[in-house]
J.: 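Have a look at this one before I ask anything.
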Amino acid sequence: MALSGGSTPRAMFELLATETGVPWSDIHFFWSDERHVPPDHPESNYRMANEALLSHVHTNVHRILSENPDAAAAASDYEQTIIQVTKQTLPRLDLIFLGLGTDGHTASIFPGSEVLHETKRLVAAPYVEKLQTYRITMTLPLLNNGASVVFLVSGAEKAEIVREVLEGETKYPAQAVKPTQGQLIWMLDQPAAARLTTLQTP
Ligand code: 6PG
């Protein structure tokens with residue numbers, strides 16, 4: 001499974017860490033994206049997941065070696081890691097978590113990014129102008145090959161982008177996540193779902 005970053009998943013990770021009966025040793029954890037920082041950096045997605053969950057369970061962790069000053073090399077190394085662990089040239093991850101930025105980005109695929117058009121590489125290292133930094137991110141070919149892709153989105157500040165992504169025109173990177181042979185699930189809290197007009201609750 002691939003974990004999303006940012007702040008939203010921390011509460012879920014902390015809850016998961018209290019769960020008993022989860023076959024942790026059967027799970028291989030990857031990341032859908034990472035910041036170009038060392039693993040102990042406050043902005044590290046790995047650090048957050050490790051503090052909230054992974055350091056509390058015995059499992060298999062495959063983090064992005066984002067301390068590598070060469071972000072492109074970190075990306076291609078990670079692609080090899082995913083292929084080696086899954087033993088698949090086009091890996092089909094069982095579960096992929098994604099977040100949603102207020103600009104409609106997901107993983108580290110930002111609006112206008114050349115990564116949106118990537119068809120070969122499974123992991124890329126785009127330079128994100130607005131953040132003045134590189135990011136390392138799974139690309140759409142890998143994300144859209146997932147068996148279950150779950151957007152985890154919370155908070156009133158996301159309500160407008162959630163409405164636009166789910167009910168508006170196609171113009172956001174998050175809308176390019178369409179699993180080819182898998183399911184797409186949106187897990188929203190009430191405030192994030194507040195502006196949806198066509199809400200079908202399960
Ligand atoms: C990251 C993410 C990114 C995140 C969204 C939402 O590394 O920042 O993976 O795609 O999911 O930016 O972030 P929040 O949950 O903090 O709103």
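Ligands are counted one by one from 1 in listed order, and the atoms in each one are counted from 1 as well.
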J.: Scan Val123, Ile83, Thr137 and name whichever one has a side-chain contact (heavy atoms from CB on, under 4.5 Å) with Tyr78.
T.: Val123
J.: Identify the closest protein heavy atom to atom 5 (C) of ligand 1: which residue and atom is it, and at what distance?
T.: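 Nearest neighbour among protein heavy atoms for atom 5 (C) of ligand 1, to 0.1 Å: His105 NE2, 3.5 Å.
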J.: Using the side chain to side chain donor-acceptor pair (under 3.5 Å) rule, collect all pairs that involve residues 96-123, keeping only residues at least two apart or in two chains.
T.: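 Qualifying pairs: Asp33-Ser108, Asp103-His105, Asp103-Lys130, Ser108-Arg135, Glu118-Arg121.
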J.: Should Thr8 be counted as touching ligand 1, given the test is an N or O pair under 3.5 Å?
T.: yes
J.: What about Leu131 and Val37, same hydrophobic cluster or not, with Ile/Leu/Val/Met/Phe/Trp/Tyr joined at side-chain heavy-atom distances under 4.5 Å?
T.: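 The answer is no; the residues belong to distinct hydrophobic clusters.
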J.: Atom 4 (C) of ligand 1: which protein heavy atom is closest, and how many Å away?
T.: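 Among all protein heavy atoms, the one nearest atom 4 (C) of ligand 1 is Gly5 O, 4.0 Å.
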J.: Provide, to 0.1 Å, the distance between atom 9 (O) of ligand 1 and the closest protein heavy atom, together with that atom's residue and name.
T.: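 Minimum-distance protein heavy atom for atom 9 (O) of ligand 1 reads Asp33 OD1, 2.6 Å.
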J.: Do the non-hydrogen side-chain atoms of Leu196 and Glu167 ever get within less than 4.5 Å of each other?
T.: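 Yes - at least one pair of side-chain heavy atoms lies under 4.5 Å apart.
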J.: Decide whether an N or O pair under 3.5 Å exists between Arg35 and ligand 1.
T.: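 By distance alone, the answer is yes.
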J.: Number the atoms of ligand 1 from 1 as they appear, then name those within less than 4.0 Å of a heavy atom of Asn45, with their elements.
T.: 1 (C), 7 (O)
J.: Regarding atom 10 (O) of ligand 1: of the candidates Ala107, Ser154, Gly99, Gly155, which has the closest heavy atom?
T.: Ala107
J.: If you measure only the distance, is there a donor-acceptor pair under 3.5 Å linking the side chains of Ser148 and Gln183?
T.: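 There is such a pair (donor and acceptor under 3.5 Å, judged by atom type) between the side chains of Ser148 and Gln183.
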J.: Tell me whether the rings of His62 and Phe30 are parallel (<30°), tilted (30 to 60°) or perpendicular (>60°).
T.: parallel
J.: May I ask you to identify the nearest protein heavy atom to atom 6 (C) of ligand 1, giving residue, atom name and distance to one decimal place in Å?
T.: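 For atom 6 (C) of ligand 1, the nearest protein heavy atom comes out as Leu100 O, 3.6 Å.
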J.: Give yes or no for whether the N/O distance cutoff of 3.5 Å, strictly under, is met between Ser108 and ligand 1.
T.: no
J.: Just need the protein heavy atom nearest to atom 13 (O) of ligand 1, so name the residue and atom and give the distance.
T.: Gly6 CA, 3.9 Å
J.: Assess the side chains of Tyr46 and Glu34: does a donor N or O sit below 3.5 Å from an acceptor N or O?
T.: no
J.: Decide, yes or no, whether a salt bridge links Glu164 with Arg195 under the criterion of side-chain N to carboxylate O below 4.0 Å.
T.: no
J.: Hey, is Arg135 one of the residues with a heavy atom under 4.0 angstrom from ligand 1?
T.: yes
J.: Does Lys158 have a heavy atom less than 4.0 Å from any atom of ligand 1?
T.: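 Within the 4.0 Å threshold, so yes.
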